[in-house]
Amino acid sequence: MGSIKIVIAGPRGRMGQEAVKMVHQTDGFELVGVIDRKKEFGNLSELEGFTSISAPIFVDMEECLVETKPDVLIDLTSPETGMVHTRLALNHGVRPVVGTTGFSNEDLQELEQLCEKTGKGCIIAPNFAVGAILMMKFSQMAVKYFEDVEIIELHHDQKLDAPSGTAIKTADMISKIRPTKVQGHHNEKETHPGARGANFDGMRIHSVRLPGLIAHQQVMFGADGQTLSIRHDSYNRASFMSGVKLAVEQVMKLDVLVYGLENILE
């Protein structure tokens, strides 16, 4: 099997920059193009920080797919753009690996049907950090013994969605094991609306947004006389690249939609 040909959408974003470096440094991966929101230059090597990496820059996604004929699209843009890119990639027979959050259930159902129609796989991961996936799995194990749980997710202040996709995914995984339960005192009242956080099946999710943070999450469990905390911290965006690399390798073997990196971890 030859190299996996890859295009990256959003190469100048913080995650995109790390993805470009990862693809460039990985044996068996070939960066054949990037999709950027504006085309100041014709080649990535002309941009500061990418002088040693050559790949044509495209503004138009369809033009990029037709000209470069990639195997995989890595999309690290926004939910709205990511959905458009993912749909277009699948229709062109390209397997998407998507690292944006905010996809609705309707979006996922549409993409699931598109994968079935085209016979091409797609991986959408709210979080590509392997440690974060283990945090979710450990939380799912713990809730069998601790039914009271709250999730605190902490991110940089430029993050657009709250709660984070990781927090929602964690709560969803926990809810598959935990019976629906309203937590706290039955007469509890918020004197300031939102003080108790978002309500997910009786669990509470709290979002913190501050400069200096990257991506962090703590899942807290409580029972009589004890608490258990499971926490994951990403201190830089390079922490996500092992998961992106794994997703690229695995999506080549898939013909269905996979939502969440935990579904491809052995």
Inspect the surroundings of CG in L160 and state if more than 12 heavy atoms from other residues, nucleotides or ligands are less than 6.0 Å away.
-> no
Less than 4.5 Å apart, any side-chain heavy atom of Y259 and any of P126?
-> yes
Euclidean distance, I6 CD1 relative to T68 OG1, rounded to 0.5 Å = 11.5 Å
Joint hydrophobic cluster, V97 plus V32, side-chain heavy atoms closer than 4.5 Å | no
With a 4.0 Å cut-off, would you call E18 and R14 a salt bridge?
-> no
Are any non-hydrogen side-chain atoms of S175 and M203 less than 4.5 angstrom apart?
-> yes
Kindly check if the number of other-residue, nucleotide or ligand heavy atoms within 6.0 Å of CD (E46) is above 12?
-> yes
Got a salt bridge between E48 and R12, using NZ or NE/NH1/NH2 to carboxylate O under 4.0 Å?
-> no
Checking side chain to side chain contact (heavy atoms under 4.5 Å, CB included) for the pair I151/F200: CA distance, chi angles, key distance, verdict?
-> CA-CA 10 Å; I151 299 169; F200 189 110; over 6 Å; no
Are F138 and L261 connected in the hydrophobic side-chain network, where two residues link if heavy atoms are under 4.5 Å apart?
-> yes
Verify, without hydrogens or angle tests, whether D71 (side chain) and K5 (backbone) share a donor-acceptor contact under 3.5 angstrom.
-> yes
How far apart are the closest heavy atoms of P163 and I168, and which atoms are they?
-> O-CD1, 3.9 Å
If you look at every heavy atom in L213 and L154, which pair is closest and at what distance?
-> CD1-CB, 3.8 Å
R231 and Q218 have their tightest heavy-atom pair at NH1-OE1, 3.3 Å
For R178 and E147, indicate whether the former's side chain and the latter's backbone hold a donor-acceptor pair under 3.5 Å.
-> yes
Can you check whether K169's main-chain N or O pairs, donor with acceptor, with D172's side chain at less than 3.5 Å?
-> no
Indicate whether the side chain of S239 and that of N236 have a donor and an acceptor atom separated by less than 3.5 Å.
-> no
CA sep, side-chain torsions, deciding dist, call: M83, L111, side chain to side chain contact (heavy atoms under 4.5 Å, CB included) | CA-CA 9 Å; M83 181 62 187; L111 295 176; 3.8 Å; yes
Check for a donor-acceptor pair, side chain of D161 on one end and backbone N or O of S164 on the other, with a separation under 3.5 Å.
-> no
Which heavy-atom pair separates R196 from E150 by the least distance, and what is that distance?
-> NH2-OE2, 2.8 Å
Hey, what do you get for CZ (F29) to NE2 (H24), rounding to the nearest 0.5 Å?
-> 14.0 Å
Quick one: NE2 on H92 to NZ on K120, what's the gap to the nearest 0.5 Å?
-> 13.5 Å
Interatomic distance, D107 atom CG to T86 atom OG1 [nearest 0.5 angstrom] | 9.5 Å
Would you say K159 has more than 12 foreign heavy atoms packed within less than 6.0 Å of its NZ?
-> yes
Under a 4.5 Å cut-off applied to non-hydrogen side-chain atoms, are F128 and L246 in contact?
-> no
Report yes or no: do I174 and I133 belong to one cluster of Ile/Leu/Val/Met/Phe/Trp/Tyr joined by side chain heavy-atom distances under 4.5 Å?
-> yes
Between T166 and E153, does any side-chain donor sit less than 3.5 Å from a side-chain acceptor?
-> no
Check the hydrophobic clustering (I, L, V, M, F, W, Y; side-chain heavy atoms under 4.5 Å; chains of links allowed) and say if I35 and V20 are grouped together.
-> no
Might you point out which heavy atoms bring S234 and I214 nearest each other, and give the distance in Å?
-> O-CB, 3.1 Å
Could you state the interatomic distance from CE (M136) to NE2 (H232), rounded to the nearest 0.5 Å?
-> 9.5 Å
Spacing of CD1 belonging to I74 relative to CG belonging to L31, to within rounding of 0.5 Å = 8.5 Å
For H185 and N187, which heavy atoms make the closest approach, and how far apart are they?
-> ND1-N, 2.9 Å
Given side chain to side chain contact (heavy atoms under 4.5 Å, CB included), test I57 with L47 step by step and report yes or no.
-> CA-CA 10 Å; I57 298 173; L47 290 178; 4.1 Å; yes
pair C122-L254: side-chain heavy atoms closer than 4.5 Å = no
Do you reckon V94 sits in the same ILVMFWY cluster as I4, going by side-chain contacts under 4.5 Å, direct or chained?
-> no
What do the steps show when you test F146 against M220 for side chain to side chain contact (heavy atoms under 4.5 Å, CB included), and what is the final call?
-> CA-CA 9 Å; F146 294 84; M220 293 185 66; over 6 Å; no
